[in-house]
Number of protein chains: 2
Amino acid sequence: MVKKSIDLSTEEKILQGARKVFMTKGMTGARMQDIADEAGINKSLLHYYFRDKDKLFEMIFLKEAQKFFPRINMIFESGIPLFEKIQRFVHEYIDEMQQNPYLPWFVLNEIHRDPENFLYKVWGKDNLPRPQKFLEQIEQEVKKGTIKRISPLHLLMNLLSMTIFPFVARPMMERNLGLDELQFRAVMEQRKQEIPKFIIDSIKK
Amino acid sequence: MVKKSIDLSTEEKILQGARKVFMTKGMTGARMQDIADEAGINKSLLHYYFRDKDKLFEMIFLKEAQKFFPRINMIFESGIPLFEKIQRFVHEYIDEMQQNPYLPWFVLNEIHRDPENFLYKVWGKDNLPRPQKFLEQIEQEVKKGTIKRISPLHLLMNLLSMTIFPFVARPMMERNLGLDELQFRAVMEQRKQEIPKFIIDSIKK
DNA sequence: ACTTTTGTTGACCATTCGGTTAAACTATAT
DNA sequence: ATATAGTTTAACCGAATGGTCAACAAAAGT
């Protein structure tokens with residue numbers, strides 16, 4: 001059969017629907033029926049295309065992860081100066097999360113649900129974050145005396161935390177700080193500047 | 001009947017078991033059977049003491065939340081100097097999370113699952129975080145010129161993020177940074193000093 | 001035209017899970 | 001002795017949900 005014509009192929013419709021549902025509800029929260037509805041087909045057909053929920057889930061997430069994490073690793077492992085590296089990391093990460101606001105929550109969710117399976121199967125060996133070079137770079141800068149004495153580990157944690165956490169805790173942030181959707185988006189946009197500035201102010205001599 | 005003697009009362013056993021199961025698996029993940037097993041009783045008795053899952057859940061979480069959040073609010077709203085306030089906040093918060101490592105994840109989980117119900121019912125009106133005074137204090141310090149010009153909102157976000165995120169993303173942190181349980185605990189203990197230092201270095205003039 | 005392959009459907013099945021009910025047993029209080 | 005509250009056992013209900021199946025429809029191959 002050839003098909004693949006005017007409207008999206010059924011497979012494509014399923015993937016789009018599944019992505020939407022998985023991203024918002026997580027693996028366990030997602031219902032096969034919801035995905036079928038979202039794709040405008042029936043449940044049996046879902047299983048016809050993707051044997052079961054796990055297979056479908058894997059398909060979705062792998063696609064997403066294998067696009068994003070390599071980009072982050074490239075930044076971590078590149079040879080650019082520390083401050084610029086921090087700026088690029090924050091910029092890239094927040095850009096991604098502005099486009100896929102549910103991604104970080106989704107990742108954490110899956111990690112908590114089944115750490116072994118998720119971290120191995122989905123991050124495989126290539127996608128796994130590799131902060132080693134970044135940590136060494138910080139240590140070198142400290143030794144050169146170009147920045148204050150600071151623990152590379154804590155600096156990395158601070159960087160990750162400030163970048164990712166607001167997206168993970170978004171409903172809490174919005175509620176407790178009185179932000180609507182648009183304002184939240186704007187604040188996150190500001191953070192692309194604010195976070196690097198905050199960090200650099202803290203560690204520069 | 002009087003009983004209430006040697007071993008814990010059944011009610012107490014249930015509450016302890018429920019707490020453990022809810023904290024690790026969240027509301028939806030928790031099974032009534034698991035809770036019964038954990039308490040060493042059977043499912044019927046569970047429903048005899050607590051009408052249904054929701055009631056039991058509320059009982060557990062309210063107890064936990066109403067102990068902790070008022071303490072945090074007291075710090076935010078107290079009259080102590082900014083830098084000291086930051087130190088106390090971090091110290092108190094990390095202490096709590098060292099004792100209840102699953103609490104932050106648990107809170108986020110429930111917020112995502114059902115924001116309206118959770119935020120209202122559980123935080124009620126008294127437990128709700130009230131960062132207003134803290135934000136104003138930052139603004140005053142900026143105006144007085146005692147700290148650098150910084151957005152109070154972003155500073156608060158940074159503070160919360162750096163303090164809470166590592167606990168929320170714990171499995172990821174441990175795996176990607178190669179920390180075992182003990183090392184993680186030690187690193188978090190260091191953060192009680194590191195975070196305030198990092199912030200103060202960034203904003204002091 | 002026919003057969004085979006691929007796509008699609010609705011009905012159905014098995015399991016899980018929260019919750020109920022009824023009957024029996026136990027220990028205490030009166 | 002009897003009533004009462006606590007506890008167990010076991011069967012059961014109903015809804016939700018992942019997954020299967022047989023039959024039908026549409027293409028594609030011949």
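Proteins come first, then strands; the chains are lettered A, B, ... in the order of their sequence lines, and each starts at number 1.
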Item checked: Nucleotide D:dT7, atom C1' - distance to CD of B:Glu11 in whole Å -> 15 Å

Note to self: Need one value for B:Tyr48: base, sugar-phosphate or nothing, where a base atom within 4.0 Å counts as base even if backbone is also close, heavy atoms only.
What the structure shows: base

Checklist line | Interatomic distance where CZ belongs to A:Phe50 and P belongs to C:dT8 [whole Å] | finding: 12 Å

Next item on the list: Grab the NZ-P distance between A:Lys25 and D:dA16 for me, whole Å please.
Entry: 14 Å

Notebook entry, point to check: Restricting to pairs with a member in residues 24-36 of chain B, which pass side chain to side chain donor-acceptor pair (under 3.5 Å), not counting sequence neighbours?
Noted result: B:Gln33-B:Asp37

Checklist line | Heavy-atom donor-acceptor pair, B:Lys13 side chain to B:Gly40 backbone, under 3.5 Å | finding: no

Listing time: all N or O pairs from protein to nucleotides 16-19 of chain C that are below 3.5 Å?
| residue | atom | partner | partner atom | Å |
| --- | --- | --- | --- | --- |
| C:dC17 | OP1 | B:Arg31 | NH1 | 2.8 |
| C:dC17 | O5' | B:Arg31 | NH1 | 3.4 |
| C:dG18 | OP1 | B:Ala30 | O | 3.2 |
| C:dG18 | OP1 | B:Lys53 | NZ | 3.1 |
| C:dG18 | OP2 | B:Met32 | N | 3.2 |
| C:dG19 | OP2 | B:Lys53 | N | 2.8 |
| C:dG19 | N7 | B:Lys43 | NZ | 2.6 |
| C:dG19 | O6 | B:Lys43 | NZ | 2.7 |

Next item on the list: Could you tell me the separation between the CG atom of B:Leu45 and the C1' atom of C:dA27, rounded to a whole number of Å?
Entry: 15 Å

Note to self: Could you tell me how far apart A:Ile35 (CD1) and D:dA16 (C1') are, to the nearest whole angstrom?
What the structure shows: 15 Å

Notebook entry, point to check: To the nearest Å, how far apart are B:Asn42 CG and C:dC25 C1'?
Noted result: 13 Å

Next item on the list: Kindly say whether, by distance alone, the side chain of B:Ser44 makes a donor-acceptor pair under 3.5 Å with the base of D:dT7?
Entry: no

Margin query: From CG of B:Leu46 over to P of D:dT9, roughly how many Å is that when rounded to an integer?
Written below: 15 Å

Notebook entry, point to check: When you measure from the side chain of B:Asn158 to the backbone N and O of B:His154, does any donor-acceptor pair fall under 3.5 Å?
Noted result: yes

